[in-house]
Visitor: 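Sharing a structure with you now.
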2 protein chains.
Amino acid sequence: MPTTMGRRERKKAQTRQALSEAALRLFSEHGYDGVTVAQIADEADVSIATLFAHVPDGKEALIFDDGSERRIWLTAAVHDRPPGQSVLEALRRSMAARGPFTDDLPPELRHKRDLIVNTPALREYSRKLWIACEEALAEAIATESGRDPSDMTIRALARYVLEIPELAGTEPDPLAALNAIFDLLEHGWPESPGKT
Amino acid sequence: MPTTMGRRERKKAQTRQALSEAALRLFSEHGYDGVTVAQIADEADVSIATLFAHVPDGKEALIFDDGSERRIWLTAAVHDRPPGQSVLEALRRSMAARGPFTDDLPPELRHKRDLIVNTPALREYSRKLWIACEEALAEAIATESGRDPSDMTIRALARYVLEIPELAGTEPDPLAALNAIFDLLEHGWPESPGKT
DNA sequence: CTCTGAAACTATAACCACTATAGATTCAGA
DNA sequence: TCTGAATCTATAGTGGTTATAGTTTCAGAG
């Protein structure tokens with residue numbers, strides 16, 4: 001067997017990519033709500049049934065991958081951090097280099113990111129993909145900090161970290177927002193005890 | 001004008017309540033996905049068009065109110081807290097007495113709460129209602145703590161607090177989970193600096 | 001009390017996302 | 001080469017949701 005997949009899987013990947021590109025092109029041109037899945041299927045030259053066979057999560061999932069890349073990337077960021085660096089610091093730096101927080105991206109990806117951030121349905125689905133990593137991230141943090149993985153504090157921390165892209169992504173200065181949020185998570189809410 | 005509304009608004013409220021009750025009854029009996037909006041409209045003896053006129057947010061919104069009650073309740077919890085009590089402490093106590101965190105409720109409301117917690121679509125919509133209060137809560141916190149309302153730290157705090165019902169609601173001991181999360185928000189993530 | 005206009009309701013038809021089914025084609029491995 | 005599974009297709013259907021146009025019901029003005 002050759003290292004490249006067989007013709008079958010190659011065609012499958014081609015079809016999936018054609019759908020992804022068609023969707024991104026049409027969304028950019030007419031807006032998310034201005035495009036029907038029928039148009040996308042047409043543009044990619046497949047039937048509607050085929051479209052849904054490739055993208056079981058529906059219309060919003062068309063321009064995303066299946067999310068496994070995110071999960072791997074996250075757990076790696078936690079486990080492979082340099083010595084002496086805290087888990088939160090590692091997550092902060094990794095996130096800052098990614099997603100909505102840097103403009104150091106090919107223009108094509110920037111356009112895609114802007115489309116996602118400015119389209120509620122896509123932003124929400126992006127959040128879903130992040131949240132789907134909650135368990136994996138919680139496990140990674142539990143391992144690294146020697147705590148119990150069922151500790152609610154860990155689950156909450158994982159959730160709150162994964163919520164950051166949606167929370168900070170729409171801010172005028174996303175990177176500053178990201179840093180402010182990580183500061184909150186590291187040190188807590190700095191309130192003077194109460195009113196007089 | 002009498003203190004009670006006119007017949008018109010009374011009938012409107014009646015219809016809305018009939019829809020709400022019909023939906024709750026049918027959801028409880030056949031599950032959320034086992035009921036169509038047509039059945040609900042039928043049970044409430046109105047047309048489908050009328051159903052959507054009363055509940056513009058769609059099927060999931062049928063058993064919820066419009067969310068304004070939540071908003072009022074939240075801002076009151078912050079502004080009317082006893083002297084010497086911190087904002088987070090006030091929110092912690094208020095939330096603990098409500099929603100998924102106490103069983104001190106009429107059995108009818110308990111059933112409704114269980115239905116919501118166990119039905120993904122309803123749980124998600126409940127979260128939406130909470131998040132819709134983010135801006136109001138952020139403003140309240142900003143006022144009480146003398147900070148700038150556009151401070152990202154405040155927005156994040158508000159968001160994280162409003163995320164608690166969904167985060168802790170499914171835990172075996174929701175109240176303990178709620179307290180653990182509030183501890184995290186108050187004191188931050190207590191991590192030893194890093195690995196060797 | 002009556003008129004008038006707005007609001008609520010209705011039936012109907014349509015749109016769109018999504019699913020189910022059954023059959024045709026294509027490829028992989030025995 | 002043969003067999004079976006995967007892919008794709010057309011088709012028809014379900015269900016949520018919206019638009020339209022017309023009818024009934026009420027509130028307030030005169």
Visitor: Scan nucleotides 18-21 of chain C against the protein and return all N/O pairs shorter than 3.5 Å with their distances rounded to 0.1 Å.
Guide:
{"unit_1": "dC18(C)", "atom_1": "OP2", "unit_2": "Lys59(A)", "atom_2": "N", "d": "2.8"}

Visitor: Salt bridge between Arg159(B) and Glu166(A), side-chain N to carboxylate O under 4.0 Å?
Guide: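 Salt bridge flag = yes for Glu166(A) with Arg159(B).
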
Visitor: Between Lys12(B) and dA7(C), does any side-chain N or O lie under 4.0 Å from OP1 or OP2?
Guide: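 False: Lys12(B) side-chain N/O out of range (4.0 Å or more) of dA7(C) OP1/OP2.
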
Visitor: Roughly how far apart are Arg92(B) CZ and Asp183(B) CG, rounded to 0.5 Å?
Guide: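 If we round to the nearest 0.5 Å, Arg92(B):CZ and Asp183(B):CG are 4.5 Å apart.
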
Visitor: For DNA chain D, whose closest nucleotide is more 5', that of Val35(B) or that of Lys11(B)?
Guide: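 With Val35(B) and Lys11(B) compared, the 5'-side residue is Val35(B).
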
Visitor: Show which side-chain atoms of residues 46-54 of chain A pair as donor or acceptor with protein atoms under 3.5 Å away, not counting sequence neighbours.
Guide:
{"unit_1": "Ser47(A)", "atom_1": "OG", "unit_2": "Thr50(A)", "atom_2": "N", "d": "3.2"}
{"unit_1": "Ser47(A)", "atom_1": "OG", "unit_2": "Thr50(A)", "atom_2": "OG1", "d": "3.0"}

Visitor: Does Glu60(A) pair with Arg127(A) as a salt bridge, N-O distance under 4.0 Å?
Guide: no

Visitor: Between the side chains of Gln39(B) and Glu43(B), does any donor sit under 3.5 Å from an acceptor?
Guide: no

Visitor: Main chain of Val78(B), side chain of Arg81(B): is a donor-acceptor contact present, judged purely on distance under 3.5 Å?
Guide: yes

Visitor: Is it possible for you to check whether Lys59(A) lies under 6.0 Å from the centre of the six-membered ring of Tyr32(A), through NZ or CZ, and within 45° of that ring's axis?
Guide: yes

Visitor: Residues two or more places apart in sequence or in another chain: which of them pass side chain to side chain contact (heavy atoms under 4.5 Å, CB included) with Ser145(B)?
Guide: Trp189(A), Ile141(B), Arg147(B), Ile154(B)

Visitor: Measure all distances between protein nitrogen or oxygen atoms and nitrogen or oxygen atoms of nucleotides 28-30 of chain C, and list the pairs falling under 3.5 Å.
Guide:
{"unit_1": "dA28(C)", "atom_1": "OP1", "unit_2": "Arg7(A)", "atom_2": "N", "d": "2.7"}
{"unit_1": "dA28(C)", "atom_1": "OP1", "unit_2": "Arg8(A)", "atom_2": "N", "d": "3.1"}

Visitor: Remember a base hit wins even if backbone is also touched, and classify Val55(A) as base, sugar-phosphate or nothing at under 4.0 Å, heavy atoms.
Guide: nothing

Visitor: Scan Thr36(B) against the nucleic acid and name what it touches under 4.0 Å (heavy atoms): base, sugar-phosphate only, or nothing.
Guide: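 Answer is sugar-phosphate: Thr36(B) comes under 4.0 Å of backbone atoms only.
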
Visitor: Partners of Asp114(B) by side-chain hydrogen bond (donor to acceptor under 3.5 Å, both in side chains), sequence neighbours excluded?
Guide: none

Visitor: Base, sugar-phosphate, or nothing for Asp45(A), non-hydrogen atoms under 4.0 angstrom?
Guide: sugar-phosphate

Visitor: Would you indicate, yes or no, if dA8(C) has its OP1 or OP2 atom less than 4.0 angstrom from a side-chain nitrogen or oxygen of Thr50(B)?
Guide: no

Visitor: Is the closest side-chain donor-acceptor distance between Ser126(B) and Arg70(B) under 3.5 Å?
Guide: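 Arg70(B) and Ser126(B) do have a side-chain donor-acceptor pair below 3.5 Å.
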
Visitor: On DNA chain D, which is the earliest and which the latest nucleotide, 5' to 3', with an atom closer than 4.0 Å to a heavy atom of chain A?
Guide: dA5(D) to dA10(D)

Visitor: Using a strict 4.0 Å threshold on nitrogen-to-oxygen distance, state whether Arg25(B) and Glu29(B) make a salt bridge.
Guide: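 Salt bridge: no.
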
